Amino acid sequence: MAKDVRQLERVVIRIAGDSGDGMQLTGDRFTQETAQFGNDLATFPNFPAEIRAPQGTLAGVSSFQLHFADHDILTPGDRPDVLVAMNPAALKANLGDLRDGATLIVDSHDFTTRALARVGWDSNPLEDGTLEKFQLHALDLTQMTLDALADTGLSRKDAGRSKNMFALGLLSWMYSRPTEGTIAFIEHKFARKPEIAGANITAFRAGYNFGETTEAFAVAYEVKPATLPTGTYRNITGNLALAYGLIAASKRSGLPLFLGAYPITPASDILHELSRHKRFGVRTFQAEDEIAGIGAALGAAFGGSLAVTTSSGPGIALKGETIGLAVSLELPLVICDIQRGGPSTGLPTKTEQSDLLQAMFGRNGEAPVPIVAAQSPGDCFDAAIEAARIALTYRTPVFLLSDGYLANGSEPWRVPSLDELPEIPVCFASEPNGPDGSFLPYLRDPETLARPWAVPGTPGLEHRVGGIEKADKTGNISYDPDNHDFMVRTRQAKVDRVAAALPPLAVDDPSGDARVLVLGWGSTYGPIGAAVRRVRRSGVPIAQAHLRHLNPFPGDLGAVLNRYDRVVIPEMNLGQLAMMIRAKYLIDAISITQVRGLPFKAEELAEMLQGVVDHG
Amino acid sequence: MAKDVRQLERVVIRIAGDSGDGMQLTGDRFTQETAQFGNDLATFPNFPAEIRAPQGTLAGVSSFQLHFADHDILTPGDRPDVLVAMNPAALKANLGDLRDGATLIVDSHDFTTRALARVGWDSNPLEDGTLEKFQLHALDLTQMTLDALADTGLSRKDAGRSKNMFALGLLSWMYSRPTEGTIAFIEHKFARKPEIAGANITAFRAGYNFGETTEAFAVAYEVKPATLPTGTYRNITGNLALAYGLIAASKRSGLPLFLGAYPITPASDILHELSRHKRFGVRTFQAEDEIAGIGAALGAAFGGSLAVTTSSGPGIALKGETIGLAVSLELPLVICDIQRGGPSTGLPTKTEQSDLLQAMFGRNGEAPVPIVAAQSPGDCFDAAIEAARIALTYRTPVFLLSDGYLANGSEPWRVPSLDELPEIPVCFASEPNGPDGSFLPYLRDPETLARPWAVPGTPGLEHRVGGIEKADKTGNISYDPDNHDFMVRTRQAKVDRVAAALPPLAVDDPSGDARVLVLGWGSTYGPIGAAVRRVRRSGVPIAQAHLRHLNPFPGDLGAVLNRYDRVVIPEMNLGQLAMMIRAKYLIDAISITQVRGLPFKAEELAEMLQGVVDHG
Amino acid sequence: MADLGLKAKDFKSDQEVRWCPGCGDYAILAAVQGFMPELGIPRENIVFVSGIGCSSRFPYYMNTYGMHSIHGRAPAIATGLSTSRPDLSVWVVTGDGDSLSIGGNHLIHALRRNVNLKILLFNNRIYGLTKGQYSPTSELGKITKSTPMGSLDRPFNPVSVALGAEGTFVARTLDSDRKHLTSVLRAAAAHQGTALIEIYQNCNIFNDGAFDLLKESDSREDWIIPLEHGRPIRFGKDGSKAVVRASDGSLTVADQVDEDDPRLVIHDAHVENPSYAFSLARLSSSDARYAPMGVIRSVTRPTYDHLMTDQLDTAAAAAPGDESALQKLILGNDTWQVA
Amino acid sequence: MADLGLKAKDFKSDQEVRWCPGCGDYAILAAVQGFMPELGIPRENIVFVSGIGCSSRFPYYMNTYGMHSIHGRAPAIATGLSTSRPDLSVWVVTGDGDSLSIGGNHLIHALRRNVNLKILLFNNRIYGLTKGQYSPTSELGKITKSTPMGSLDRPFNPVSVALGAEGTFVARTLDSDRKHLTSVLRAAAAHQGTALIEIYQNCNIFNDGAFDLLKESDSREDWIIPLEHGRPIRFGKDGSKAVVRASDGSLTVADQVDEDDPRLVIHDAHVENPSYAFSLARLSSSDARYAPMGVIRSVTRPTYDHLMTDQLDTAAAAAPGDESALQKLILGNDTWQVA
Ligand SMILES: Cc1ncc(C[n+]2csc(CCOP(=O)(O)OP(=O)(O)O)c2C)c(N)n1
Ligand SMILES: Cc1ncc(C[n+]2csc(CCOP(=O)(O)OP(=O)(O)O)c2C)c(N)n1
Ligand code: SF4
Ligand code: SF4
Ligand SMILES: [Mg+2]
Ligand SMILES: [Mg+2]
């Protein structure tokens, strides 16, 4: 039967089910197919903090959202056009987010009175009109999967597990995706269990064929490949990009990589990833706690490694004292904070940007630390290299801020050729630099104010460092009042010096007519960009700038801000960057804040920006 | 021989010697005599981080400065009028601070070539004209002490130990101090070693008589008692006042006091002091580290104690994660940070105000905590009570900031009668407050936004709290986005609510003509006040206001700031309060900073203030 | 203990239990809830404090007072609570990562202090909540997400650690053996001071089957070494295995040991010297599969909480602690009047 | 070891030593500086890492590489250094507060990992630097600034703690006995892995005389129990005291023991099972004055540092780790071209 194929510019799909239903895997696969096909895309995985919350409950729902388009896009989309819901809980938990008229594909298998009651429904929404705003396809996906696998000899339970593949097959048909990749993937993943591989492939094909054959779906859709800059692309999550960025920085600086870390969501995957790359000289140390993690990294830094520690908010709080020591020792160290919802344990699997001020001020005394932030999953790669560059060049701990949204979200990424990356020249001290052949471990480079890095093993440069205030140049303990004042200001000056080598801030103001500037940092890049496009589409000029460097700010930031009547700062916190900007530049920046554990929705943000443009 | 007695308004005396020479004790005694006599006074002890640095070295010098006057004074004085130096190192280390024409009393006993060389002198300053700007009295105090004790049968070494008492006797004569107190003190202190007591008293009397008899000292001085508000006075250090304030708060709230602490300079004395007062129901727990210290305190808070933890910067850095938990649990907890020089180990025995931003922001997520600061040693008492009041009223952790200068410095303090102190009413929840007899641990008081405090042991109110985000009212775990946003804002609102009950900010602007306001916080109160007086004395009006509450600010602060053309903020950091003020009120506050481990000198500060008045 | 008429269900909170289906934590929860009525303590006087981890969700499910705190800090928090409120029955729930990785120091200090805490250490030899990294009790060479080529660090034996840290009560039990678990809970509850109970717990998602040898009917009798005070330590399918003292004084396992063999060890949980208990614990080092189970050590020492209360009482008896005494204290000895 | 022609004075830095006159730290410093040339390692390959405390000032005085870090964290920092630079000789200097109070967890984890660190624990049973609070090794009932009515918590026995934490090398010595101290340093330096040396150290300011019994000529022979591998453990003024094995297998001290008494214990530092060493350590619990001195345990186990290096080598041998391999890795398997 020949079917209609309709062209779309963009689609937002969300698939949702129990945490045990394999939704993240299904989402990943659909993303890969879509990436292979050449669409631009952005993803948003969302899962509960529990490993396996009880089946069929709202708390146990896991979902994966994918936005893909024939043009470049910036966010995983606000409101799904399509929801695939594998059980009543998944339907209930996600219904509120759908746009009117959205397509709903629901596995009706589990819509029993009991299951419905469990999520607080006393009648069946598939039947009672609840869903009339939507294009509902209630299908017994589970049963169809079981039927497809009837001959395999698998138990009902095992066979039922493949229902996600059935759903994926159906989606693949609907959106005209290539299927070879998925089949190869399944074969590879279950290479040791061929009967499971077979079942999954059968279910996947059955789903595809069901779309092709049945009359339920009158149309398939096509979203043309996007035109992106030329190059080789892959899909990548933020944590993976960050890990690769660190290895690349290690190669470009010629220093072995050392990671000292303690597992914590959503940072653990960086530890997992790096532990797999020992052949590149990467040492990973799973420490007894966060303090030992950063401590070991600092020890490795003293020994001449590119030293890194990774954590999330609660773990970063524990590292404060040691970060202060690193400031005092003036050794390079990259501290990655993959932010999550706080305070305290907060919302471990949700995203937030509320550690900026902790990164700035979370330790005793005047202990300034440069801060860089990543703005998209792929950008985590570049941000990691930039953090390493600053740390190594200025001999200082550096914060690299990412967050749960970047960490797990993915996007197509143009893979750089390693030799296009900046080199990070590092030169260990090898000769005495003081009078009479002495070594002065705190004699500074006049340009960067960096002190020499003399690693153990270098004859003649034996020296001692420590956390007590040090005399200028010699580094000996000093309680001298003027020396202390000098050293406090010098450490600050060194961090301020970072700005000198930064490029001017890029401002996106196509018409040049904008009176309002939207300033952002970190993972709000996508939503802000999307919101700004919406505003512009309505004919209003508006400018956007996004900060990679939060400390120090780029040197021209003040001048940029002064070009605009109003500056708006959207943040997933209560206004942390806004506070820093207000204090430094004394401008009445408007803070737009949302602390919902979720990225901004472009649509809502656009409305708020429009409000500022309209009413100032 | 009848001698001259001259009247003085004020004197600044500094006594300095080896850390082993008993300088702190001598200073304390002279202070007590002076207090007894009725002068107003302020002190500044200054000692090395080492327990006993090697004898005779600059690093080992310990000193004690006392400023006393016939009128009320605010600081221990900038430049001593009199220096007593017990050895070459003490002379060298302190010489630079003297005003021209100052009196120098030097124990010449140890001015050997070797001892001089040790501190870098190649000729004897007592003889080579180095000291010609001063009124030098080079006396062999040690030998005189030995002579005085020749008959006691004490070894030379033991006898020599009393030279500090000889010096004290001499000073007591010179400044017409009462001596009974010191004699009684010595008898009490060495009650078990009568021969030592005897030797010290003999040396003390010998010093006094030496002044009386010899011609070296032509004049004695008298500084009349000061006229202070009526009342019973005592001399008190900041740490002692803070400890007493906590016990008083415990009595006024009816809650047992629990301190969880780990020793650290300069906070340890609070632990020591409180551990001595078990009869008042005070429990002190010396924990294995700072995290356990605050953890135990939080546990005690859950159980219904007035819970306190004390530390200094590096220890506070370790407590960040647990403070976040306390914010999330909304339990009362007083966190005392006795600030010292940072970053890292920094200058452990020196003072600094550089933990304000750590107190504000040193933990993950949006975790606001009220902050109060003490402004003088005696004021630590009131500040402790205020911190406890806020913690108990709003059910929140509260920072109480003091510093090394307040901790060890002393001043006359009008001892309050306990029943003039504010009562701190605390009411534990005892009844269900929810539908169907349920208990809602996060149902808030509409005025304070405090949640009920239901302590274990209360039947029917069993409930669970934790660091994961909680649903409004029920406190159950909630991952709901809107609830999280609401709770984050509510916790902030609760802290902001503290301002509602604060009195208006006191502004000292006698003429009402000032165009410049000096805004301060913490221990800069004395130096700022003294500097302001100097400026005024030169005929220029200038206003002063000092913040007890750093978070939230008093409600009228904005209005106060707007009344002045310029606001100047002197701080012993790189401008932390200034940053907060600039961000919040968008005024171009001028930051005057010094990070020398020492309080501002009134004279220098006055000059800088004058500069602002003159040139804006 | 008083029978308050409470039932297991009275200790169930209204919160939905959210562990993975099949997780060993369920059985432990049921056993604890089942045991609680026996304590004879009203619910309001019982507090459960936990850290972070799957196991640390425990307090939410107990209808008592409870605190789900932060990672590794539960013993410290519970110390403050118990010390300031010795009238309460304070229980700590923790995992192998929570208590032995990040929280190791608080654990050993609680033990040496002998604070009146009952610590339930759910040892699944893995980090459950963070999805499967190795823990300080994972076996050497363990392949996990963070150790793809195998872990390199020797695991702790929690019993050895506790004995090295002056623990007064140390026991071990198994999630699936409710009767045994309950008996150990009972002994711990009766103990004055810190009681550490290591509970082998299956994490069926990330470390499934870690204790199968101790559970399966064809092997468990070969590896579980049951300890009962005053009884010879015999085990094995036919009961012929036993723990014996070798000539060099060390303990080993021997087969075919007669009832009257002089080498046979009679279990004595109350020996003051912890060396005996330590030797028992080290049976696992001769063959990692051996698992001595039951109360390994239980000796009497004053508790920290009571010693502190005593000091307060002594101080209060020696001098008044009322408002006027406080006034005097604050006045000090060197006052002067300004009129 | 190679003789590099170094002398003790080559290990003296130009920094003035700033401990209190009479402090036991001086003797330890002198002993270490005197021993260093024996190591046969060039100064630049030696690193001293310390925490905070009087003792932790140590690195400043050594003319090697050094780091005076923060309180309690030296073992963690040194672990990173040693693991990333197995070519270095890494020494940790720490106090009883630094290592057993705030730093207890890092210490026990270093021990179980068997990182190649030589840890010198200066045990003066007090907090020196903060002026005299009790420490985790202070005796029960100790009156200090923070415990005016006496401390309430049972001290740790550092040797027991280390053995409970799987330590491979544990020794004890005395500040004032330079020869003994040096012999223990020598044994520790030869050990592959974590070597913990507890050094009894007198703090003459805040805890003077803590070890006098072990120093004074009329008592030291009664209380020091000297351990030498392969030799019977005999001591006492006339050599008639000995450590014997009681019939219940435990170790005790007996008087008037003959050379051929079968109960006499021959010291064996190399027994794999740490129970023996643990029993030795617990002689102090029968009478706190007994001090077994020397190498209590020294067994061979691979070091963490080398195991990690091996994994890196194995991985590198299995697949290339060059720039083009990295390029491939970053590309991954699912790429597409945009032309
Ligand atoms: C300060 C901090 N670090 C790390 C984490 C992440 N984290 C949570 S639980 C856990 C380990 C859990 O293992 P275990 O204690 O064995 O408990 P289980 O889940 O196995 O019951 C980790 C590393 C955290 N929540 N807080
Ligand atoms: C984080 C932190 N907490 C507390 C302190 C204060 N402090 C410094 S050394 C020390 C204890 C010293 O005792 P010990 O380790 O036994 O060393 P000793 O001085 O006796 O050699 C303490 C509590 C600190 N410097 N840093
Ligand atoms: S991950 Fe393991 S320990 Fe955690 S709930 Fe699931 S089965 Fe239990
Ligand atoms: S205080 Fe004690 S340990 Fe510290 S230097 Fe002085 S004598 Fe030595
Ligand atoms: Mg576990
Ligand atoms: Mg000590």
Side-chain angles (χ1 to χ4, degrees), chain C residues 72 100-109 111-115 136 147 149-150 152-157 159-168 245-252 265 268 271-276 278-282 285-286 301-304 307-308 310-312 314-315, chain D residues 72 100-109 111-115 136 147-150 152-157 159-168 245-252 265 268 271-276 278-282 285-286 301-304 307-308 310-311 314-315:
Chain C
L100 289 169
S101 196
I102 192 167
N105 205 32
H106 306 305
L107 179 74
I108 61 179
H109 279 268
L111 286 162
R112 84 175 171 94
R113 291 195 184 105
N114 204 31
V115 186
T147 50
M149 294 180 75
L152 305 173
D153 25 0
R154 174 92 142 210
F156 281 136
N157 175 332
V159 175
S160 298
V161 171
L163 294 170
E166 314 291 324
T168 54
R245 196 175 316 278
S247 59
D248 67 354
S250 67
L251 302 187
T252 49
V265 175
D268 182 354
V271 236
E272 179 52 43
N273 187 332
S275 301
Y276 160 70
F278 193 86
S279 307
L280 270 182
R282 301 313 293 194
S285 30
S286 68
R301 242 210 280 148
T303 70
Y304 188 80
L307 289 173
M308 187 179 289
D310 288 350
Q311 284 198 337
L312 265 69
T314 308
Chain D
L100 288 167
S101 196
I102 192 168
N105 205 31
H106 306 306
L107 180 73
I108 61 179
H109 279 268
L111 286 162
R112 84 174 172 94
R113 290 193 184 107
N114 204 32
V115 185
T147 51
M149 295 179 74
L152 304 173
D153 24 359
R154 173 92 142 209
F156 281 136
N157 175 334
V159 175
S160 299
V161 172
L163 294 170
E166 313 292 325
T168 53
R245 196 176 314 280
S247 60
D248 68 352
S250 67
L251 301 188
T252 51
V265 175
D268 182 354
V271 235
E272 180 53 42
N273 188 331
S275 302
Y276 160 69
F278 193 87
S279 307
L280 270 183
R282 302 312 294 193
S285 32
S286 67
R301 242 208 282 147
T303 69
Y304 188 78
L307 289 172
M308 187 179 289
D310 288 351
Q311 283 197 338
T314 309

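Within every chain, numbering begins at 1; the chains are lettered A, B, ... in the order of the sequence lines, protein sequences first and strands thereafter. Since we're looking at a predicted model, the values are computed, not measured.
To the nearest 0.5 Å, the span separating CZ on C:Arg301 from CG on C:Leu307 amounts to 9.5 Å. For the atom pair CG of D:Leu152 and CE of C:Met308, the computed distance is 6.0 Å after rounding to the nearest 0.5 Å.
A distance-only check finds no donor-acceptor pair linking the side chain of C:Asn114 to the backbone of D:Asp153 [under 3.5 Å].
For the options D:Leu280, D:Asp268, D:Ile102, D:Asp248, heavy-atom pairs under 4.5 Å to chain C are most numerous at D:Asp248. Put simply, of D:Ala162, D:Ser250, D:Pro136, the one with the most heavy-atom pairs under 4.5 Å next to chain C is D:Pro136. Looking only at heavy-atom pairs under 4.5 Å with chain D, the residue among C:Pro274, C:Ser279, C:Ala165 that has the most is C:Pro274. When each of D:Arg282, D:Arg113, D:Glu272 is scored by its heavy-atom pairs under 4.5 Å with chain C, the top score falls to D:Arg282. Among the candidates D:Pro302, D:Gly150, D:Ala281, the residue making the largest number of heavy-atom pairs closer than 4.5 Å to chain C is D:Gly150. With respect to chain D, the highest number of heavy-atom pairs below 4.5 Å among C:Ser160, C:Gly164, C:Ala246, C:Ala315 belongs to C:Gly164.
Between D:Tyr276 and D:Val271 the shortest heavy-atom distance is CD2-CG2, 3.5 Å. The shortest non-hydrogen separation linking C:His109 to D:Leu100 is NE2-O, 2.7 Å.
Residue D:Arg112 touches chain C through both its backbone and its side chain, counting heavy-atom pairs closer than 4.5 Å. Only the side chain of C:Asn273 comes within contact range of chain D, judged by heavy atoms closer than 4.5 Å. Proximity to chain C involves both the backbone and the side chain of D:Gln311, based on heavy atoms less than 4.5 angstrom apart.
Using bins of under 30°, 30° to 60° and over 60° for the plane-to-plane angle, the ring pair C:Phe278/D:Phe278 lands in the parallel bin.
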Show your working on side chain to side chain contact (heavy atoms under 4.5 Å, CB included) between C:Asn157 and D:Glu166 and close with a plain yes or no. CA-CA 8 Å; C:Asn157 175 332; D:Glu166 313 292 325; 3.9 Å; yes
